[in-house]
Amino acid sequence: MGRSFASKHPVLTGLGVLFVLGLIIKYWWVIAAAAALAAIAYGGIGVWENHRARQGAEHQRRQELAARATYEHNLYLQGHPGGVYGQYHPPAP
């Protein structure tokens, strides 16, 4: 293995570093704007994923409720007391 580019060409490496540093100093506002846009996009994606997860959970809850209602309706049609009282039977006398 050989030496790295930086150790073979220290003058070019130094000039490259100074060039990049000059770009950063001259165009700091472009870098700041890009960072702000990236942060907004990242936050927006997080909010959207959270919204979709809540939507999915609500949909699942409604499906479970509808399935339970159908089950209890069928019990009621069969004359079973679970169809009237559901999961909450009255206390025994």
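For clarity, every value in this text was computed on a predicted model and none was experimentally measured.
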Side-chain donor-acceptor pairs under 3.5 Å in residues 7-26, sequence neighbours left out?
residue, atom, partner, partner atom, Å
Ser7, OG, Ser4, N, 3.2
Ser7, OG, Ser4, O, 2.9
Ser7, OG, Ser4, OG, 3.3
Thr13, OG1, His9, O, 2.9

Next on the checklist: Please check if the number of heavy atoms outside Tyr27 that lie under 6.0 Å from its OH is greater than 12.
Outcome noted: no
Checklist outcome for this item: With sequence neighbours left out, the residues meeting side-chain contact (heavy atoms from CB on, under 4.5 Å) with Tyr76 are Val84
Checklist entry - Rounded to the nearest 0.5 Å, how far apart are CD of Gln60 and CD of Gln55? => result 14.0 Å
Checklist entry - Side-chain contact, heavy-atom cut-off 4.5 Å: Leu75 with Gln78? => result yes
Residues 35-50, side-chain donor-acceptor partners within the protein, below 3.5 Å, at least two apart:
none

Checklist entry - Does His51 have any side chain to side chain donor-acceptor pair (under 3.5 Å) partners at least two apart in sequence or in another chain, and if so, which? => result none
Next on the checklist: Can you pull out every salt bridge (charged side-chain N to carboxylate O under 4.0 Å, His left out) where at least one residue sits in residues 59-82? Sequence neighbours excluded, please.
Outcome noted: Glu58-Arg61, Glu58-Arg62, Arg68-Glu72
